Amino acid sequence: MGLPDTDVTGRSLPQSGAWAKAAREDAQARLHAMGLPGRRDEYWKYTRPDTLIADDPAPAAVFHTDEAPLYDGIDRVKVVFIDGVFDAAASDPLELAGVEIERLETAAQTDIHWAKGLYGTLETNGQTPVARPLAALNTAYATDGVLIRVTGKADKPVSLIYRHENDASDAILHHVVKLEAGADLTLLENGPAAARFNKVLEVDVADGAAFHHVRAQGRDHERQAVTHIFARLGRESTFKSFTMTVNGRLTRNECVIELTGDDAVAHVAGAAMGDGEFHHDDTVFITHDAVNCESRQVFKKVLRNGATGVFQGKILVKPDAQKTDGYQKSQSLLLDDDAQFYAKPELEIYADDVICSHGSTTGAIDDEALFYLRSRGVPEVLATDLLVLAFLAEAIDEIEDEAIAEDVVSRLDAWLQRRRD
Amino acid sequence: MLNIKGLKVKLEDEDKQILKGVDLEVPAGAVHAIMGPNGSGKSTLSYVLSGRDGYEVTGGEATLDDENLLELEAEERAAAGLFLAFQYPVEIPGVGNMTFLRTAVNAQRKARGQDEMSATEFLKVIRAKAKTLKIDADMLKRPVNVGFSGGEKKRNEILQMAMLEPKMCILDETDSGLDVDAMKLVSEGVNALRDKGRSFLVITHYQRLLDHIKPDVVHIMANGRIVKSGGPELALEVEHNGYADILAEMA
Ligand SMILES: Nc1ncnc2c1ncn2[C@@H]1O[C@H](COP(=O)(O)OP(=O)(O)O)[C@@H](O)[C@H]1O
Ligand SMILES: [Mg+2]
């Protein structure tokens with residue numbers, strides 16, 4: 001490539017076998033060509049990338065709680081990363097019927113692997129029409145992650161658990177999930193991962209396959225994260241992703257979905273709650289490139305004390321994507337005058353037989369509802385929290401599995417209660 | 001029980017006096033009714049007593065068994081035993097009716113230093129009470145008042161009252177929008193709660209509700225004041241002659 005071992009980031013590429021080496025070098029070259037995001041970047045208008053691209057992460061204290069961790073009662077295969085490094089001892093055996101789970105670090109040393117043609121490929125596809133340099137950076141320099149190939153219907157979820165133990169950790173993880181035709185998997189994620197976390201998840205959903213994803217980003221107050229999901233959907237496939245974010249100084253979650261097979265369904269949802277030094281950015285780009293596909297975005301944010309929310313969501317409907325049903329909703333609930341929310345919803349439609357709608361609102365607590373609750377004896381703070389949960393409910397309802405949804409609600413509840421006490 | 005003396009209230013944001021000196025005393029165990037033309041200040045009185053924002057008390061006082069209501073937060077008034085059945089019950093999407101009621105019951109218990117009701121006990125009690133009001137399990141699960149018919153909303157108010165067991169119940173036009181059957185159901189719900197330690201203030205336009213919930217005293221409110229008080233026959237008089245005679249008499 002004629003490039004030095006290190007590029008704009010000052011990092012060097014990890015040791016790899018043939019397939020990973022090619023993908024990493026390609027990503028490094030692409031990153032070099034596009035450069036790191038700057039403040040004048042239109043796509044980074046509302047979120048400052050500075051701390052995400054700085055040489056060293058800002059330290060983040062580890063948040064300790066005696067509350068039960070999320071998904072505690074759910075039978076799953078646990079895959080644990082501590083400060084971005086896979087921990088075999090803390091993990092379950094990587095075994096599940098109909099599913100192959102492999103550590104990226106190991107697979108990357110081989111010369112041939114099924115992940116060739118996927119690792120970095122969906123990410124590359126997602127770089128047009130908008131560049132996402134931090135995703136290319138991830139593909140080049142990620143040293144750990146999992147490669148999951150699903151051939152059947154998994155009878156329990158794979159659960160990626162990200163522990164944060166070192167105040168100054170800087171983690172880059174890259175996961176690939178390949179669902180073969182008709183396969184079915186639920187992927188869970190939770191935990192703060194590191195002081196600074198850069199994660200890419202590439203998901204290839206073949207015809208008739210279904211992928212469900214529920215993640216909770218850790219509560220460490222000072223942690224920073226930039227994450228990308230790149231998904232490609234085949235015919236009659238389903239992709240549903242929900243993210244809960246509470247705390248964190250900076251979070252940028254990008255989700256790039258391409259509906260490439262007819263009759264596919266993609267739902268992305270998020271519920272975020274921020275207080276004080278909290279900046280949360282949901283950036284979504286959905287491309288309809290097949291007939292009769294459905295996409296749905298539901299993003300809710302509750303902000304107070306100077307917290308900031310950002311939503312950039314785009315639906316692009318290509319000329320042949322007739323009968324597209326696209327829905328986008330982004331709402332914020334501002335609990336005081338110091339919180340702010342920026343929304344940039346976009347539709348770009350080149351087909352004529354299409355239903356697309358988007359709505360973005362910013363509101364305060366409904367005074368009538370608040371008084372009604374208080375008049376029944378519910379104290380103001382508790383009444384507010386009930387209304388906050390009610391506001392988030394529409395996003396949480398996007399989680400299909402009832403037990404998981406209940407668990408998410410009970411975590412939110414516990415968190416709100418801790419604040420009240 | 002409830003003691004209101006010379007209560008004067010204006011809107012907070014506007015220079016508009018709504019209550020111009022209301023005097024009213026409801027003893028323990030009594031049922032009082034307030035009738036009066038639209039806009040006379042009946043709902044305002046009920047809101048001010050229950051602690052809604054947006055009003056400014058410019059004079060007078062209101063006590064519930066020696067507690068100064070006007071100094072308490074809305075939730076504290078509820079815990080002290082005051083309950084308002086809203087003229088227009090509020091819809092709250094996303095909050096389940098049952099969750100709402102259990103939160104309210106336990107919040108009041110906590111405020112009074114009592115133990116919380118367990119989930120099982122609560123379920124048992126609410127099921128029994130809902131049944132007598134013909135409120136089905138589905139209505140209990142649905143979000144508070146969302147998609148409820150007018151009658152369902154009013155029955156839901158009475159269910160809340162039955163669960164919270166307040167000592168002072170204010171019913172603001174609980175009969176409006178009810179058909180004959182629903183009115184019977186609601187009245188039976190109210191009558192079942194009548195007790196020597198519990199008082200009612202029933203705000204209504206129509207005498208017919210008072211056929212079911214028999215008042216001890218009827219007050220006529222006009223232009224921000226109680227202008228006349230009397231026995232149940234006063235309601236019949238209003239029913240037959242309207243307010244014109246009474247108002248003329250006062251002028
Ligand atoms: N929030 C408000 N803003 C403006 N006017 C109000 C408000 N609340 C009450 N009023 C006015 O005060 C008067 C009394 O209203 P209300 O108490 O609702 O009467 P009633 O219940 O007897 O029909 C009416 O003229 C009404 O328009
Ligand atoms: Mg009224």
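Every value quoted in this text rests on a predicted model; they were computed, and no experiment measured them. Here is how names work: the chains are called A, B, and so on, in the same order as the sequence lines, proteins then strands, and each is numbered from 1.
With a 4.5 angstrom heavy-atom cutoff, B:Val144 touches chain A only via side-chain atoms. Heavy-atom distances place no part of B:Asn106 under 4.5 Å from chain A, backbone and side chain included. Residue A:Leu392 does not touch chain B at all, counting heavy-atom pairs closer than 4.5 Å. Heavy atoms of B:Pro89 lying under 4.5 Å from chain A belong to its backbone as well as its side chain. Proximity to chain B (any heavy atom under 4.5 Å) is shown, for A:Glu394, by neither the backbone nor the side chain.
For the residue pair A:Arg223 and A:Thr251, a side-chain donor N or O sits within less than 3.5 Å of a side-chain acceptor on the partner. Side-chain contact annotation: B:Ser50 with B:Arg77, donor-acceptor N/O pair under 3.5 Å absent. Between A:Glu346 and A:His358, the side chains place no donor N or O within less than 3.5 Å of an acceptor N or O (distance only, hydrogens not considered).
Results of the side-chain contact (heavy atoms from CB on, under 4.5 Å) test with B:Ile158 over B:Ile135, B:Leu133, B:Thr132 single out B:Leu133 as the only residue that passes.
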Q. Could you walk me through whether A:Tyr372 and B:Phe100 pass the ring pair (Phe, Tyr, Trp, His ring centres under 6.0 Å) check?
A. CA-CA 11 Å; A:Tyr372 191 68; B:Phe100 158 58; 5.8 Å; yes
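When B:Gly51, B:Ala79, B:Ala80 are compared by the number of non-hydrogen pairs under 4.5 Å with chain A, B:Gly51 comes out ahead. Ranking A:Glu368, A:Arg374, A:Arg376 against chain B, the residue ahead of the rest is A:Arg376, based on heavy-atom pairs under 4.5 Å.
Between B:Tyr55 and B:Tyr47, the ring planes are parallel. Angles under 30° get that label, and only those over 60° would be called perpendicular.
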